[in-house]
Amino acid sequence: MYPEDATPEHPQGAVGSSGRVADLDWNLLPDPVRHRLAEVAGTALAGLPPAEVPAALRQFARFTPAKRARLGGTKLVRELRDNATFRTAVVAWWEEHRPGELAAGPDEPLTAAAAAVLTGAPDARGAVASVARRGDAAEARAERDEALSRADKLTVEVERLRAELTEARDQAREAAAQREQELAQLRRKVSDQGTRLRFAQDAQAELEAEVVRLRAGVDGRLAEVVAERDRERERADEERRRARRAQAEVAAARQAAKEARQGDEVRLGLLLETLGGAVQGLRRELSLGGGGPRPADLVAGPDGSRGTTVATLATLDALLALPAAHLIVDGYNVSKTGYPELPLADQRTRLVGQLGALAARTGVEVTVVFDGAAVSAAQTRGARGVRVLFSDPGVIADDVIRDLVAAEPQGRPLLVASSDRAVAASVRRRGAHAVPSSMLLGRLRS
């Protein structure tokens with residue numbers, strides 16, 4: 001348990017309290033004796049004066065006796081073997097503080113052997129040998145008891161295996177007899193099935209002959225039925241196609257009627273707004289005693305005709321102040337005139353924002369039209385009071401503007417902002433007032 005090495009200064013053997021070397025090899029001490037020596041030295045270690053405690057053992061002095069023996073057992077036994085002063089101090093401490101405990105009787109051979117080794121008694125070798133014999137005998141008895149226990153377990157296991165073997169043999173015999181019985185039953189069933197199979201094969205042959213006879217007469221009738229079915233299916237498909245076309249035509253007619261009705265309602269509403277505004281203007285004129293210019297006088301051209309080109313900001317403001325006035329803007333024509341350095345998307349955003357402010361200030365209805373072919377990203381959303389339109393693919397914004405002017409009712413004040421001469425001429429012929437792009441930009445910036 002505590003391996004020891006002999007040194008030149010301390011040869012193997014114990015030195016008694018009298019200074020004589022006992023004829024005893026400490027390296028051959030049984031482990032129980034070594035452990036008991038460590039316990040004895042560990043118990044005395046805390047009570048010794050510091051000067052008598054070897055330097056190698058001072059770290060264990062503050063431990064409990066059991067912990068000293070467990071952690072410092074090797075060093076304690078080595079110091080007892082090699083240091084006669086320490087061994088004498090340990091024996092003296094036991095005689096002073098716990099007298100008589102080391103002088104144990106025959107009932108405690110382990111303590112007696114440890115005391116004999118410490119004191120260098122002449123019978124130390126015999127006491128150690130007695131402990132060793134007792135340990136060997138106890139170990140032999142334990143091995144014998146273990147072997148007997150294993151033998152008993154093996155005997156029980158053998159008996160169990162024999163019983164299981166007997167039971168398995170009985171089950172195998174029963175299973176063999178059952179298999180023989182089942183085999184006989186299967187043989188009878190196979191024989192019966194063979195007889196039924198022959199009967200079934202004969203019946204099948206008769207049925208196949210009957211089928212051949214029936215098929216000869218049915219094939220012609222079947223071909224006629226199939227041909228008739230195909231003709232009926234074609235007629236049904238044609239009727240379905242006609243029904244779908246009629247349904248589509250009805251839906252288109254309904255949609256066209258709905259759109260026409262909505263357009264008529266919008267035109268009627270705008271006409272009523274225009275008439276209402278004219279009536280209100282007339283009432284205001286009458287309330288002032290009939291003096292002053294009328295709204296038509298403010299927008300008349302040099303020759304008194306309508307649908308002219310607006311030449312001044314004052315005339316533009318007068319037109320925008322008319323009831324139910326509608327301003328239609330040629331989007332890119334105005335934006336490229338005002339801020340050509342910006343990308344098209346930024347031009348659209350800026351123009352729509354300025355038109356929204358104008359609509360909020362004057363109450364005029366504003367529609368701005370852009371060429372749809374020039375839009376490559378998300379289309380601009382209209383501001384509050386501004387309608388934003390994009391022409392369809394293959395259609396220019398000029399044609400959309402002309403359609404908007406043509407769709408308005410007669411008598412409604414219309415203004416078209418564009419520097420395109422063809423657009424200005426066409427809208428003037430329809431009674432709209434042409435506003436140059438630069439003039440509209442001047443009003444938007446002010």
Side-chain angles (χ1 to χ4, degrees), residues 270-271 273-275 277-278 280-282 284-285 292-340 347 350-370 383 385-389 396-446:
L270 292 175
L271 180 57
E273 291 179 3
T274 303
L275 294 175
Q280 291 178 1
L282 180 60
R284 287 196 299 269
E285 293 292 337
R294 295 177 179 274
D297 297 334
L298 296 177
V299 299
D303 56 355
S305 63
R306 304 179 64 83
T308 61
T309 299
V310 178
T312 64
L313 289 177
T315 304
L316 176 61
D317 292 340
L319 290 171
L320 293 175
L322 290 176
H326 186 186
L327 173 62
I328 302 174
V329 181
D330 188 350
Y332 285 131
N333 187 279
V334 175
S335 66
K336 291 180 179 179
T337 302
Y339 15 86
Q347 291 183 22
R350 183 171 178 178
L351 177 59
V352 171
Q354 291 177 336
L355 291 173
L358 178 64
R361 186 169 66 250
T362 63
V364 66
E365 179 182 353
V366 180
T367 301
V368 57
V369 183
F370 295 100
V386 179
R387 182 187 299 107
V388 180
L389 301 179
I396 61 176
D398 298 349
D399 294 337
V400 178
I401 292 173
R402 294 185 181 95
D403 293 340
L404 289 173
V405 173
E408 294 290 346
Q410 294 293 330
R412 184 183 188 189
L414 296 177
L415 296 87
V416 177
S418 176
S419 295
D420 190 312
R421 294 181 180 180
V423 173
S426 62
V427 299
R428 283 199 304 269
R429 285 194 298 270
R430 292 183 177 273
H433 300 279
V435 181
S437 297
S438 58
M439 182 173 294
L440 177 62
L441 288 169
R443 174 50 60 220
L444 294 177
R445 292 168 181 161
S446 62

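With rounding to the nearest 0.5 Å, the separation of OG1 in T308 from NE2 in H433 is 6.0 Å. In this structure, L389 CG and T367 OG1 are separated by 6.0 Å, a value rounded to the nearest 0.5 Å.
Summarising the geometry of H326 relative to E365, their closest heavy-atom pair is CD2-O, 3.3 Å, with the distance given to 0.1 Å. When all heavy atoms are compared, the tightest approach of A359 to V366 is CB-CG2, 3.9 Å. Shortest non-hydrogen contact noted between S419 and N333 is N-OD1, 2.9 Å. For the pair A432 and V416, the tightest heavy-atom approach, listed with the atom from each and the gap, is CB-CG2, 4.1 Å. Scanning all heavy atoms of the two residues, the minimum distance from Q354 to Y339 falls at OE1-OH, 3.2 Å. Nearest heavy-atom pair across F370 and G331 is CE2-CA, 3.5 Å.
Looking only at side-chain heavy atoms (C-beta outward), Y332 and L351 stay at 4.5 Å or farther from each other.
With sequence neighbours excluded, the residues that form a side-chain contact (heavy atoms from CB on, under 4.5 Å) with A424 are R428, A434. Listed by chain and residue number, R402, D420 satisfy the side-chain contact (heavy atoms from CB on, under 4.5 Å) test with A422 (two or more places apart in sequence, or in another chain).
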Report task. Take T337 and V334, measure what side-chain contact (heavy atoms from CB on, under 4.5 Å) needs, and give me the verdict at the end. Result -> CA-CA 5 Å; T337 302; V334 175; 5.8 Å; no
Requested in this report: Report the C-alpha distance between L358 and L440 in whole Å, list the side-chain angles of each, state the deciding distance to 0.1 Å, and finish with yes or no for side-chain contact (heavy atoms from CB on, under 4.5 Å).
Outcome: CA-CA 10 Å; L358 178 64; L440 177 62; 4.3 Å; yes
Report task. Determine, step by step, whether L316 and L415 satisfy the side-chain contact (heavy atoms from CB on, under 4.5 Å) criterion, reporting the C-alpha distance in whole Å, the side-chain angles of both residues, the deciding distance to 0.1 Å, and the verdict. Result -> CA-CA 9 Å; L316 176 61; L415 296 87; 3.6 Å; yes
**Report entry** Residues D330, D398; criterion side-chain contact (heavy atoms from CB on, under 4.5 Å); working and verdict
**Finding:** CA-CA 7 Å; D330 188 350; D398 298 349; 3.5 Å; yes
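Applying side-chain contact (heavy atoms from CB on, under 4.5 Å) to R443 and the options D317, V435, T362 leaves one that passes, D317.
Within a 6.0 Å radius of CZ in R361, more than 12 heavy atoms belonging to other residues, nucleotides or ligands are found.
With hydrogens and angles ignored, the 3.5 Å screen pairs a side-chain donor or acceptor of R412 with a backbone N or O of A324. Remark: side-chain polar atoms of T315 are not paired, donor with acceptor, to backbone N or O of V310 under 3.5 angstrom.
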